[in-house]
There are 2 protein chains.
Amino acid sequence: MLNSYSTADKVLLAVDCIIFGFDHEGLKILLIKRDFEPEKGKWSLIGGFLKRDEVLDHAAIRILNTYTGLNDIYMEQLYAYSEIDRDPVERTISVSYYALINIENHNAELIKNYHAQWFSITDAPNLIFDHDEMVQQAIRRLRYRTSIKPIGFELLPEKFTMRQLLELYEAILSKELDKRNFISKINSLEILNKLEEKDMQSSRKGSYLYTFNKEKYEEKLLNDFVLNL
Amino acid sequence: MLNSYSTADKVLLAVDCIIFGFDHEGLKILLIKRDFEPEKGKWSLIGGFLKRDEVLDHAAIRILNTYTGLNDIYMEQLYAYSEIDRDPVERTISVSYYALINIENHNAELIKNYHAQWFSITDAPNLIFDHDEMVQQAIRRLRYRTSIKPIGFELLPEKFTMRQLLELYEAILSKELDKRNFISKINSLEILNKLEEKDMQSSRKGSYLYTFNKEKYEEKLLNDFVLNL
DNA sequence: ATTTATTAATGTAGATTTTACACTTACATT
DNA sequence: AATGTAAGTGTAAAATCTACATTAATAAAT
């Protein structure tokens, strides 16, 4: 019985993570200032190498956890990047993953220790290697996902206003949405609970807070749907 | 200056290709009977290993060329599969690609030499490793692509009838389409040239032949669009 | 020459979905 | 009591999608 494909070349496999967060300023990504060569001091995605006995999904989760302290975050694989000299040190193929997290939820101390920082997607610095391309592709995927699955859940605080949800979608899609049309389309999904409670920060009148209805949300995930915003 | 990430593990990277073709019987995939261990004699996707100085796209094209003799075929990367024991011989991560080819165009002799064979997607045999999953995912991706880009080009002979195009879309989407609605939707894309010439195989009346209008097709590719069939 | 059989070609009305748009309400602040 | 601010709400017109049936062209058979 064969126990190796001995003639084939082996390569390093990296995993790079595009971590999206959202706050009142808009859609953000988590970047890290590299403290090792090459490109020490430049900004990069958080990443790491795949271990011998680890699946890619696990590596992505491990890396996210290392830098944010977060667990149980849904991550989605995006694409494998393989340009020969994408990493000048050594031939490395990188598989990118993206995650959506609640920006208030992570471990701020960890982030600080790693010299990590949140940047608006509109004014993030240039990144090392092909990381800018990864980010652009992640944004495209996020937009697509928005049109086929309810999103927000992961990116908003537990209780949120319609305006926050609207602004999240506007930030993701990078276009203005009509408030009334948006609200009626979201309501037609029937995945929100309207609370009695109001948020009084934003206006004198106050605006109702909502939570996601997890059961209905899961139910919706089962069937395909298209949300045209 | 660093010249290796010495502590990281290296792995084998394979590329597996889902090759779609289409003929009067429907949508097909090209499979190969393995002539080496493990799983010798079982059916599998065509595949191979990434070489040290090769990008993934190139490996996919090289593999396609090896088995079909075809060049200049557009291939799209799908997904990286990394289950620990997906290949029982040795830890191997596989990146899948899919291609659409004109089933009449490949090198039949090559195919025969490699014990390769076309199978309808509806009655293909079970495949080795996780290749069945790869095929299912490729079909989903193909369906999605259908909704955002004109397709057919690659899968039909140069001149084709509306019926052939309709049947292609029906095979891909695995559902019946209304002929009149289909024709008017396709026509509204304005990517076809209607020829004077008729195909007389299919009926006494004969049906007009069409070709793709490459310029308009390319133009359409630039802008996003959604085709709801 | 006429009939027959077969598939190609074609348009529309009704239903549904999407879009554009403006006024009133609630309430805290002054 | 007046003012200012964002929240909340409905509808009509436009666009798109769907369902559906008849006529046309021709080769083959008689």
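All chains are named by letter (A, B, ...) in the order of the sequence lines, taking the proteins before the strands, and each is independently numbered beginning at 1.
- For B/Asn228, no side-chain nitrogen or oxygen approaches OP1 or OP2 of D/dT16 to under 4.0 Å.
- Distances shorter than 4.0 Å separate none of the side-chain N or O atoms of A/Ser184 from OP1 or OP2 on D/dT9.
- Of the candidates C/dT7, D/dA7, C/dT10, C/dT7 carries the atom nearest the B/Ser203 side chain, counting heavy atoms from C-beta on.
- Annotation for A/Tyr208: atom OH does not count as buried by contact number, only 12 or fewer foreign heavy atoms lying within 6.0 Å.
- Annotation: A/Glu176, atom CD; neighbour count of heavy atoms from other residues, nucleotides and ligands within 6.0 Å does not exceed 12.
- Atom pair B/Gln201:CD and D/dT26:C1' shows a separation of 15 Å (rounding to whole Å applied).
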Steps toward ring pair (Phe, Tyr, Trp, His ring centres under 6.0 Å) verdict (A/Phe129, A/Tyr81): CA-CA 11 Å; A/Phe129 305 171; A/Tyr81 295 83; over 10 Å; no
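- Taking 4.0 Å as the cut-off between side-chain N and carboxylate O, A/Glu167 and A/Arg163 count as a salt-bridged pair.
- For B/Lys185, the listed nucleotide lying nearest its side chain is D/dT18; candidates were D/dA6, D/dT18, C/dA8.
- Out of C/dA9, C/dT6, D/dG10, the shortest distance to the side chain of A/Arg180 is found at D/dG10.
- Comparing C/dC21, D/dA25, C/dA28 by their closest approach to the side chain of A/Asn181 singles out C/dC21.
- Of the side-chain N and O atoms in A/Lys205, none sit less than 4.0 angstrom from OP1 or OP2 of D/dG4.
- Within the 4.0 Å cut-off from OP1 or OP2 of D/dA6, not a single side-chain nitrogen or oxygen of A/Lys179 is found.
- Considering only side-chain atoms of B/Arg163, the nucleotide from C/dT7, C/dA28, D/dT9 that sits closest is C/dT7.
- Distance B/Asp178 CG to C/dT12 C1': 13 Å, rounded to the nearest Å.
- Among C/dT19, C/dA5, C/dT7, the nucleotide with an atom closest to any side-chain atom of B/Arg204 is C/dA5.
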